[in-house]
Number of protein chains: 2
Amino acid sequence: MLEAAEAVLREEGYAMLTSRRIANRIGVKQQLVFYYFRTMDDLIVSAFRALAKRELERLVGALQSEHPLHEIWSVCINTGDARLIAEFMALAHRNERLRTEVSEHIERMRCIHVEALAGAAKRNKTKKKDLGPAALSPLALSFLATSAALALTRESAIGVAMGHAEIQDLIGQSLAALEPDRPAPKPRSRSRRT
Amino acid sequence: MLEAAEAVLREEGYAMLTSRRIANRIGVKQQLVFYYFRTMDDLIVSAFRALAKRELERLVGALQSEHPLHEIWSVCINTGDARLIAEFMALAHRNERLRTEVSEHIERMRCIHVEALAGAAKRNKTKKKDLGPAALSPLALSFLATSAALALTRESAIGVAMGHAEIQDLIGQSLAALEPDRPAPKPRSRSRRT
DNA sequence: GTCTATACACCGATAGAC
DNA sequence: GTCTATCGGTGTATAGAC
């Protein structure tokens with residue numbers, strides 16, 4: 001049922017997140033939604049909690065990989081699509097409980113990023129001067145990287161690509177500098193400049 | 001009328017952007033909305049166009065100031081609040097005409113940013129090595145700065161501040177490096193770390 | 001231009017049978 | 001747990017008088 005809610009949110013937007021549509025999607029009656037969730041607000045908060053839990057699990061999974069920084073970036077850039085995030089953000093502005101959930105989730109994720117970056121920096125105290133733009137504090141780096149990842153997915157979703165290739169290259173180089181035991185340097189297909 | 005629509009969008013979200021609410025706000029009957037705009041979709045597109053025009057005018061105004069880069073950053077960071085942007089982004093995912101308007105607006109703004117940064121870089125070819133993280137291509141710099149500005153306002157709107165002070169410092173230093181004829185180096189009030 | 005009147009669909013939520 | 005029945009409210013949109 002939360003899956004159905006998430007699908008409606010992603011595909012049709014929060015204005016269409018109604019008890020009837022959710023019920024239809026799983027083949028039950030509309031009133032049953034109010035048996036499991038007292039109000040639509042409760043449902044929304046639960047749906048976000050499920051999404052946040054999933055994302056957190058992906059992130060801790062990435063931490064245990066051989067190249068955690070590369071994995072974390074992959075999680076950021078392949079995050080549940082931009083539409084869903086946009087819907088939850090818009091909802092969070094007017095739903096106090098959701099707002100709290102979202103901000104706590106962001107802070108939790110950022111803490112994990114910072115720890116991973118700090119760990120990589122410690123393992124990497126040799127020749128600091130070759131890091132280039134990656135020579136920032138873990139906190140600043142985490143913020144910039146997640147901002148860029150969100151902007152990349154958001155703009156891709158609406159058909160903007162200007163500068164994306166440059167940013168992908170930049171991130172790739174920074175990752176290689178921070179986590180040098182290279183995991184297959186795949187050749188980059190240069191997307192067109194706009 | 002477009003002002004009323006924007007106010008509803010900002011304050012109540014796109015689900016509440018109805019002909020009745022807009023009409024109420026300006027003291028007319030609901031049906032009059034459909035006299036000026038054939039459908040609600042038309043109204044939404046017109047409302048975004050008005051916002052985009054306003055933003056563009058602010059930006060070209062900033063270009064003519066004495067410290068264009070500092071002014072442009074000020075425009076980015078004081079952009080129409082995060083809620084409104086979130087609503088238009090969510091709408092753009094399911095409204096083809098709005099999607100086109102939004103992506104064209106983003107590209108237009110980015111082009112202007114790039115030109116301003118390229119101009120500053122040309123005026124600034126002395127000692128490139130002190131630029132720090134600001135020694136990136138104009139395109140990459142523009143992308144990172146706007147991403148960061150959006151993330152700062154978005155997170156502030158929902159009560160997240162982790163890392164914001166660091167990023168503001170970083171931007172401030174980069175601006176000072178790129179546009180050194182200093183415009184009153186105001187002392188930064190250090191916000192609490194979270 | 002602005003209004004009245006109106007059609008018709010959908011919404012959240014409750015009460016109560018099975 | 002899932003259903004039927006039902007409430008009052010709100011939505012987009014059209015037709016037509018003034």
Side-chain angles (χ1 to χ4, degrees), chain A residues 1-51 83-84 86-102, chain B residues 1-51 83-84 86-102:
Chain A
M1 184 136 162
L2 289 175
E3 294 168 27
E6 190 179 304
V8 173
L9 211 47
R10 186 194 335 262
E11 295 165 20
E12 315 190 56
Y14 74 77
M16 298 302 194
L17 187 69
T18 69
S19 56
R20 290 176 217 266
R21 285 176 143 80
I22 296 170
N24 265 339
R25 206 173 266 258
I26 56 179
V28 297
K29 294 298 168 186
Q30 166 254 337
Q31 294 89 335
L32 198 59
V33 173
F34 297 99
Y35 171 77
Y36 287 101
F37 306 95
R38 219 177 49 79
T39 66
M40 291 304 288
D41 265 18
D42 288 353
L43 183 146
I44 289 168
V45 173
S46 298
F48 179 77
R49 254 200 269 260
L51 172 66
R83 302 181 184 211
L84 196 53
E87 300 298 330
F88 276 121
M89 278 303 303
L91 283 166
H93 288 136
R94 276 157 221 100
N95 179 326
E96 188 60 24
R97 280 157 61 218
L98 179 59
R99 213 218 81 228
T100 308
E101 294 283 337
V102 172
Chain B
M1 184 136 160
L2 289 175
E3 295 168 28
E6 189 177 305
V8 173
L9 211 46
R10 185 194 334 263
E11 295 165 20
E12 314 188 57
Y14 74 77
M16 298 301 191
L17 187 69
T18 69
S19 55
R20 289 182 215 266
R21 274 176 220 277
I22 295 169
N24 265 340
R25 206 174 266 255
I26 56 179
V28 298
K29 293 299 168 184
Q30 165 255 333
Q31 294 89 333
L32 199 57
V33 174
F34 296 99
Y35 172 76
Y36 286 101
F37 306 94
R38 217 177 50 78
T39 67
M40 292 303 289
D41 265 18
D42 289 353
L43 184 147
I44 289 169
V45 173
S46 298
F48 179 79
R49 254 200 269 260
L51 172 67
R83 301 182 186 214
L84 196 52
E87 300 297 332
F88 275 120
M89 279 303 304
L91 283 166
H93 287 135
R94 275 156 222 102
N95 179 326
E96 189 59 24
R97 281 157 60 217
L98 179 59
R99 211 218 82 224
T100 307
E101 294 283 338
V102 171

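Throughout, protein chains are lettered first and strands after them, A, B, ... in sequence-line order, and every chain is numbered starting at 1. Treat the numbers as computed from the prediction; the structure is a model and nothing was measured.
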Whole angstrom is fine here: how far is it from [atom1] in [X] over to [atom2] in [N]?
X       : N      : atom1 : atom2 : value
B/Phe37 : D/dT12 : CZ    : P     : 14 Å
B/Tyr14 : D/dG11 : OH    : P     : 16 Å
B/Ile22 : D/dT10 : CD1   : C1'   : 15 Å

Legend entry - From B/Gln30, B/Gln31, B/Lys29, residue fulfilling side chain to side chain contact (heavy atoms under 4.5 Å, CB included) relative to B/Ser19: B/Gln30
Inset, instruction - On the 0 to 90° scale, with breaks at 30° and 60°, tag the B/Phe48-B/Phe88 ring pair as parallel, tilted or perpendicular. - result: perpendicular
Given side chains that start at C-beta, do those of [X] and [Y] come closer than 4.5 Å, heavy atoms only?
X        : Y       : value
A/Leu2   : A/Phe37 : yes
A/Arg83  : B/Arg94 : yes
A/Arg99  : A/Glu96 : yes
B/Arg97  : B/Asp42 : yes
B/Glu87  : B/Val8  : no
B/Glu101 : B/Ile44 : no

Inset, instruction - Output the residues of residues 94-102 of chain A in contact with DNA chain C, where contact means a heavy atom of the residue under 4.0 Å from an atom of the strand; sort by number or write none. - result: none
Inset, instruction - For A/Glu11, look at atom CD and say whether over 12 heavy atoms of other residues, nucleotides or ligands are found less than 6.0 Å away. - result: yes
Sub-3.5 Å pairs of nitrogen or oxygen atoms, protein against nucleotides 10-12 of chain C:
{"unit_1": "C/dC11", "atom_1": "OP1", "unit_2": "A/Thr18", "atom_2": "OG1", "d": "2.9"}
{"unit_1": "C/dC11", "atom_1": "OP1", "unit_2": "A/Arg21", "atom_2": "NH1", "d": "3.0"}
{"unit_1": "C/dC11", "atom_1": "OP2", "unit_2": "A/Arg20", "atom_2": "NE", "d": "3.4"}
{"unit_1": "C/dC11", "atom_1": "N4", "unit_2": "A/Arg20", "atom_2": "NH2", "d": "3.4"}
{"unit_1": "C/dG12", "atom_1": "OP2", "unit_2": "A/Ser19", "atom_2": "N", "d": "3.0"}
{"unit_1": "C/dG12", "atom_1": "OP2", "unit_2": "A/Ser19", "atom_2": "OG", "d": "2.7"}
{"unit_1": "C/dG12", "atom_1": "N7", "unit_2": "A/Arg20", "atom_2": "NH2", "d": "3.1"}
{"unit_1": "C/dG12", "atom_1": "O6", "unit_2": "A/Arg20", "atom_2": "NH2", "d": "3.0"}

Pairwise N/O distances under 3.5 Å, protein to nucleotides 1-3 of chain C:
{"unit_1": "C/dT2", "atom_1": "OP2", "unit_2": "B/Tyr36", "atom_2": "OH", "d": "2.6"}
{"unit_1": "C/dC3", "atom_1": "OP2", "unit_2": "B/Lys29", "atom_2": "N", "d": "3.1"}

Inset, instruction - Please answer whether the main-chain N or O of A/Tyr14 pairs with a side-chain N or O of B/Tyr14 as donor and acceptor at a distance below 3.5 Å. - result: yes
